[in-house]
Amino acid sequence: MNRRSVLRAGAGLLAGGAAFGLPAAAHAVAAADPTAGWTQTSFSYGWDKPWNLDLGARHSHSGGVDRMWVYATDEPFKQGSSTDPRTEMRWNVDYTTGDHMWDGDVYLPSGTDNATFVQILRGVHPSGTPATDIMLDVYDTGGGTVRRYDGTVLKAGAYDTWFNVKVAHHASSGTGTVEVYFDDSLVLTAADRGPATRYFKNGVYDHGSGRAEARFRNLRYWTR
C-alpha cells in the first residue's frame, strides 16, 4: 500500500481512540500560553529529500525562513521506496514517553494541495499499527484548508499568511494524546496510536500532483 492509500485510510486507523476535534478554527478554544510550564530545549535535525537531488535543489534558507518544495514527479527519499516525494526536516529528538512539543511559524503558498507539512512519525512501532500519530495536511479548497489527515478541518484560509503551529504530544506507555494549537488557540485534541518510538518532522510531503511548498521560521522544541 502506498502513502496515498495510507493517508486516505488514516482517519479510520486510530488505535484505541478518536479525535476530539473542533470543526473549524472559528471554534478554537482560547488558551493561556501553551508553553507555560514547559522548557525550551535544544534540538538538531537531518533531512529527507529526493534521493537523487542535492538539498539545495529543493530547499533554501534566507532571512530566517526555511523554504521547502517538491514535485509530484520527484523521487522518494531513498531509492526503491514506495513513499511519496518529500523535502522534510527530520528532528533528532526520538522519544517514547513524556511531554514533547513542536512549535513554529508556517506559511503555505496557494496551490499547495494534499501535502503534509507537520507530522509525528512512529519510527519504531508494533506490527500492524499506523506509521504516524498525526499528520497536518493542507488542501486546495477554502483558500487553503488544513485538516488532520484528510478528515477533521482545523483551519480555512491558510494560504499565503504566516500562522503559528504548536503540536504537543503527551506520550505514555499506553495511549497518549496529541494537542494542536494554531496561534495559541487549541483546535484539536486526539488520541495517539499507542506505544512507539517517534519523532517530529516538518516540511512538505506531497501526496497530490504538481508542485507543493511550505515555509517555516522560529522553530522551537519544548519539553516538560
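FYI, the numbering just counts along the sequence from 1.
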Give me the atom names and distance for the closest heavy-atom approach of A212 to T112. CB-CG2, 3.7 Å
State yes or no: do L55 and Y71 share one hydrophobic cluster built from I, L, V, M, F, W and Y residues joined by side-chain heavy-atom distances below 4.5 Å, directly or via other members? no
Quick check: do F117 and N202 have side-chain heavy atoms less than 4.5 Å from each other? no
Would you say L186 and M101 are hydrophobically clustered, going by side-chain heavy atoms of ILVMFWY under 4.5 Å? no
Could you go through the side-chain contact (heavy atoms from CB on, under 4.5 Å) check for M68 and W47 one step at a time? CA-CA 11 Å; M68 306 167 212; W47 288 96; 3.8 Å; yes
Does one side chain, of S81 or T83, offer a donor that lies under 3.5 Å from an acceptor on the other? yes
With a 3.5 Å cut-off and no angle check, do the side chains of H59 and D66 form a donor-acceptor pair? yes
Can a donor-acceptor pair be found, under 3.5 Å and without considering hydrogens, that links the side chain of T41 to the backbone of W222? no
Quick check: is V118 connected to Y45 through a chain of hydrophobic side chains (ILVMFWY, heavy atoms under 4.5 Å apart)? yes
Please name the pair of heavy atoms, one in G64 and one in R217, separated by the smallest distance, quoted to 0.1 Å. O-CB, 3.5 Å
Under-4.0 Å salt bridge between R58 and D74: yes
Does W51 sit in a hydrophobic cluster with other residues, and if so which ones, taking ILVMFWY side chains as linked at heavy-atom separations under 4.5 Å, directly or through other members? none
Test your reading of the model: is there a side-chain donor-acceptor pair from D192 to the backbone of G194, 3.5 Å cut-off? yes
Applying side-chain hydrogen bond (donor to acceptor under 3.5 Å, both in side chains), run through H170 and E179 and close with a yes or a no. CA-CA 8 Å; H170 310 288; E179 297 166 347; 3.2 Å; yes
In terms of side-chain heavy atoms, does D140 have a donor or acceptor partner in Y159 at a distance below 3.5 Å? yes
At their closest point, which heavy atom of A214 faces which heavy atom of L108, and how far apart are they? CB-CD2, 3.9 Å
Do T129 and R122 have a side chain donor and acceptor closer than 3.5 Å? yes
Could you tell me if T87 and Y205 have a donor-acceptor pair between their side chains, going purely by distance under 3.5 Å? no
Got a sec: does the CG of N52 have more than 12 other heavy atoms crowding it under 6.0 Å? yes
Under the criterion side-chain hydrogen bond (donor to acceptor under 3.5 Å, both in side chains), I'd like the reasoning laid out for N114 against D206: C-alpha separation, chi angles, the key distance, then a yes or no. CA-CA 7 Å; N114 196 6; D206 186 13; over 6 Å; no
Least distance between heavy atoms, A72 atom then P85 atom: O-CG, 3.8 Å
For D94, check salt bridge (charged side-chain N to carboxylate O under 4.0 Å, His left out) against everything at least two apart and list the hits. R90
In terms of hydrophobic clustering (I, L, V, M, F, W, Y; side-chain heavy atoms under 4.5 Å; direct or indirect links), are W38 and W91 co-clustered? no
Ion pair check, D133 and R198, cut-off under 4.0 Å: yes
Closer than 3.5 angstrom, by distance alone: can the side chain of D183 be matched with the main-chain N or O of N164 as a donor-acceptor pair? yes
Could I get the full list of side-chain hydrogen bond (donor to acceptor under 3.5 Å, both in side chains) partners for D113, not counting sequence neighbours? none
With rounding to the nearest 0.5 angstrom, report the CZ to CZ distance, R215 to R67. 5.5 Å
For D137, is there an ion pair with R147 - N to carboxylate O distance below 4.0 angstrom? no
Could you give me the CA-CA distance, side-chain angles and deciding distance for R148 and L188, then say whether side-chain contact (heavy atoms from CB on, under 4.5 Å) is met? CA-CA 9 Å; R148 171 179 177 260; L188 178 76; 3.4 Å; yes
Side chains of M135 and T116, heavy atoms from C-beta outward: is any pair under 4.5 Å? yes
Could you label the plane-to-plane angle of the F200 and Y95 rings as parallel, tilted or perpendicular, counting under 30° as parallel and over 60° as perpendicular? tilted
A191 and T175: which non-hydrogen atoms are nearest, and at how many Å? CB-CG2, 4.0 Å
Are V70 and V106 connected into the same hydrophobic cluster when the rule is that any two of I, L, V, M, F, W, Y join if their side-chain heavy atoms are below 4.5 Å apart? yes
Taking C-beta and beyond as the side chain, do P195 and T96 meet within less than 4.5 Å on heavy atoms? no
May I ask you to list the residues sharing a hydrophobic cluster with V65, side-chain cutoff 4.5 Å, ordered by chain and number? Y107, W162
N-O pairing of D184 and K166 below 4.0 Å: yes
Given the rule in the side-chain contact (heavy atoms from CB on, under 4.5 Å) test, do V146 and V153 qualify, once you have shown the distances and angles that lead to the verdict? CA-CA 6 Å; V146 176; V153 173; over 6 Å; no
Could you pull out all residues at least two apart from W69 that satisfy side-chain hydrogen bond (donor to acceptor under 3.5 Å, both in side chains)? none
Determine the interplanar angle of the F43 and Y221 rings, folded into 0 to 90°, and report it as parallel if under 30°, tilted if 30 to 60°, perpendicular if over 60°. perpendicular
I120 and V167: CA distance, side-chain angles, deciding distance, side-chain contact (heavy atoms from CB on, under 4.5 Å) verdict: CA-CA 9 Å; I120 300 175; V167 180; 4.0 Å; yes
Between the side chains of D33 and T35, does any donor sit under 3.5 Å from an acceptor? yes
Considering non-hydrogen atoms only, spot the tightest contact between H125 and A196 and give its length. CB-CB, 4.0 Å
Evaluate side-chain hydrogen bond (donor to acceptor under 3.5 Å, both in side chains) for D105 paired with N218, printing each intermediate quantity in order. CA-CA 6 Å; D105 299 331; N218 299 325; 2.7 Å; yes
With sequence neighbours left out, the residues meeting side-chain hydrogen bond (donor to acceptor under 3.5 Å, both in side chains) with K49 are none
